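Predicted model only: the values in this text are computed from it and were never measured.
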Amino acid sequence: MAWLQDLFFGGGVAHSLLVLALTIMLGIILGRIKVFGISLGATFILFVGILFGEAGMQVDHNILHFFQEFGLILFVFAIGLQVGPSFFSNFKKGGRVLNLLAVLNVISAVVVTLIIYYLSDVPIQTMVGIMSGAITNTPGLGAAQQAFSEISGIDDPSIGMGYAVAYPLGVVGIIVAIMLIRMIGKIDIKKEEQALEEERAEEELSAVPISLEVCNPALFGHTVESLTDLLQGRKFVVSRIWKKSTDEILIANTETVMEEGDKIFVITEQPHVEALVVTVGKELNIGRKRWIPEGSKYIARKVVVTRHEINGRSLKSLNLRALYGVNVTRIYRSGVEIVASPNFILQYGDRLNVVGSDVALESVIPMFGNSVKRLNEPNLVTIFLGIALGIILGSIPIMFPGIPQPVKLGLAGGPLVVAILIARFGYKVHLVSYTTTSANLILREMGISIFLACVGLKAGDGFVDTLVHQGGFTWVGYGLLITLIPLIIVGILGRFVFKLNYLQLAGMMAGATTDPPALSYVNSLSDNEAASVGYATVYPLTMFLRVLAAQMMIIFLL
């Protein structure tokens, strides 16, 4: 049985892969167990790794280091692809307040960490590990470890230990902070839901179909383009026109002439409905199906963009109305319905609502590709090009006055920044960043699982001794302070100063700590999606700042 002893407690590639596989498998299984409705998920892999490390199941240092960095790169790159398309748009409108509060939460956590650092004898790298665990941010842990290794040339297992001891109460503490804000504000969830419904009724921005009768003499004998000129800045598409003179329904284009009594079918957004009614004439109660009567040659089809040549093209450049007599009325991207406009930039994976004659659609559909099967094909060139560029960017030394050590984005920050940029602007250079939800998820989960297993195995050697004899329980208290103080400050400001809806605020608090269990708790309070929207709004910027903050603290204070 010597071979079995060598396989589990020896060395080599087979031993390393076996230990990693067992760590990840057991961690995922145990992570599904819920205590008071809360589970640690993939993070339990970390604790299984610690257990194996204490039991003597060590992995070769070089192999462990490679897998840790590779897993981290896969994880942060997948996150960048996921959040990139909405990263910059999330600063608009209400997202500004939410992101401002999220930034304040990040800064507050750094300040609390620094105060504890200066008042205690805990090394800065360990404090950053505790901070990352307290705010349940694994990429921040990876960034801290990578930055420390770059500067010192060695690894410090205390970073992973700090993360591990602070993480469990970090998860609980975030939920406790959300509950405290509810208690302080004496919040009634039903009233919060009702307020959201009333607000949505007033400010709904999804695509709205309306039917109008042309009654404005200023439009008689003029084209649809003239209506667009009159309503500059308004988003709408005149899809079809019902000619009074011939009782025919036709596809509308910019050269279509409107006459008195003609009826037009328009796709717009709620804030623009009143302006359209006032300008055109009056609104009619005509069902959408009436605009495509039975036997009509005009039909509506859903078309998927799966041709690389269309990626990055604007609707205007395709000239669909003039060449084919068809209209694109709506675009569906990442589950969001968007009103089509001439300058809208198409991306791979967009789903278009196209209206036209059956003959015209047969000519147009191949232009877009419309091959759902192709969406399942991974764009590996973009992924590996992005990783390569991210490593290069992360390795560039940046000098700041008064700092002897150059600053680097590292293997966590570099790929994250490049992935965000590719996801948002890649179409400009014909890079396809589209990945299916399942493909992105498996890339992300594989990366984080490998990373956590490696961190746990590194931290396992001496973990119990650190926890019992070297102040590990004190670290738990430090972590709880780093969790609660910033969230309570931000929660009070958001509720009582910015008057945010509680569900939206709670989602933001979960997103500001990048904590899915906290989001799961908030979602259990209500069926309204406001919490998920708040979480998604602040998640991209928060993730980026957490990674950057962890690195900067190591670089500036080590």
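- The number of heavy atoms from other shown groups lying within 6.0 Å of CZ (Phe496) is above 12.
- One finds the OG1 atom of Thr113 at 12.0 Å from the OH atom of Tyr118 (value rounded to the nearest 0.5 Å).
- Across Leu98, Val97, Thr542, a single residue satisfies side-chain contact (heavy atoms from CB on, under 4.5 Å) together with Met508, and that is Leu98.
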Pair Met553-Leu114, side-chain contact (heavy atoms from CB on, under 4.5 Å): steps then yes or no: CA-CA 9 Å; Met553 292 174 72; Leu114 291 177; 3.9 Å; yes
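- Considering only heavy atoms from C-beta on, Leu20 comes within 4.5 Å of Cys454 through its side chain.
- Phe384 CZ to Leu389 CG: the interatomic distance, rounded to the nearest 0.5 Å, is 13.5 Å.
- For the residue pair Asn105 and Ala512, the shortest heavy atom distance occurs at ND2-O, 3.6 Å.
- Here the CG-CG distance, from Leu385 to Leu380, works out to 12.0 Å after rounding to the nearest 0.5 Å.
- In this structure, Leu500 CG and Leu505 CG are separated by 5.5 Å, a value rounded to the nearest 0.5 Å.
- Between Tyr502 and Asp188, the closest side-chain pair of non-hydrogen atoms is not below 4.5 Å.
- Using a 4.5 Å heavy-atom threshold, the side chains of Met552 and Val110 count as separate.
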Which is it for Gln551 and Val128 under the side-chain contact (heavy atoms from CB on, under 4.5 Å) test, yes or no, and what are the steps along the way? CA-CA 9 Å; Gln551 284 187 306; Val128 174; over 6 Å; no
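- Taking CG from Leu421 and CG from Leu393, the interatomic distance works out to 8.5 Å, rounded to the nearest 0.5 Å.
- With salt bridges taken as basic N to acidic carboxylate O contacts below 4.0 Å, none links Glu192 and Lys499.
- The distance from the CG atom of Leu457 to the CD atom of Gln68 is 10.0 Å, given to the nearest 0.5 Å.
- For the pair Thr126 (side chain) and Val122 (backbone), a donor-acceptor distance under 3.5 Å is absent.
- Contact annotation: the side chain of Leu480 never approaches that of Trp475 to less than 4.5 Å [non-hydrogen atoms, C-beta and beyond].
- When every heavy atom of Leu487 is checked against every heavy atom of Ala177, the shortest pair comes out as CB-CB, 3.8 Å.
- With a 4.5 Å cut-off on side-chain heavy atoms, Ile482 and Met127 count as touching.
- Tyr117 approaches Leu557 most closely through the heavy-atom pair OH-O, 4.0 Å.
- In this structure, Val418 and Gly386 approach most closely via the heavy-atom pair CG1-O, 3.5 Å.
- Inter-residue side-chain proximity for Thr513 and Arg546 is flagged as met; some heavy-atom pair is nearer than 4.5 Å.
- Inter-residue side-chain proximity for Met509 and Ile174 is flagged as unmet; no heavy-atom pair is nearer than 4.5 Å.
- Of all non-hydrogen atoms in Ile387 and Phe77, the two that sit nearest each other are N-CE1, 3.7 Å.
- Under the 3.5 Å distance criterion, the side-chain polar atoms of Thr483 are left unmatched by any main-chain donor or acceptor of Gly173.
- In terms of heavy atoms, Leu443 sits closest to Ala78 at CD2-CB, 4.0 Å.
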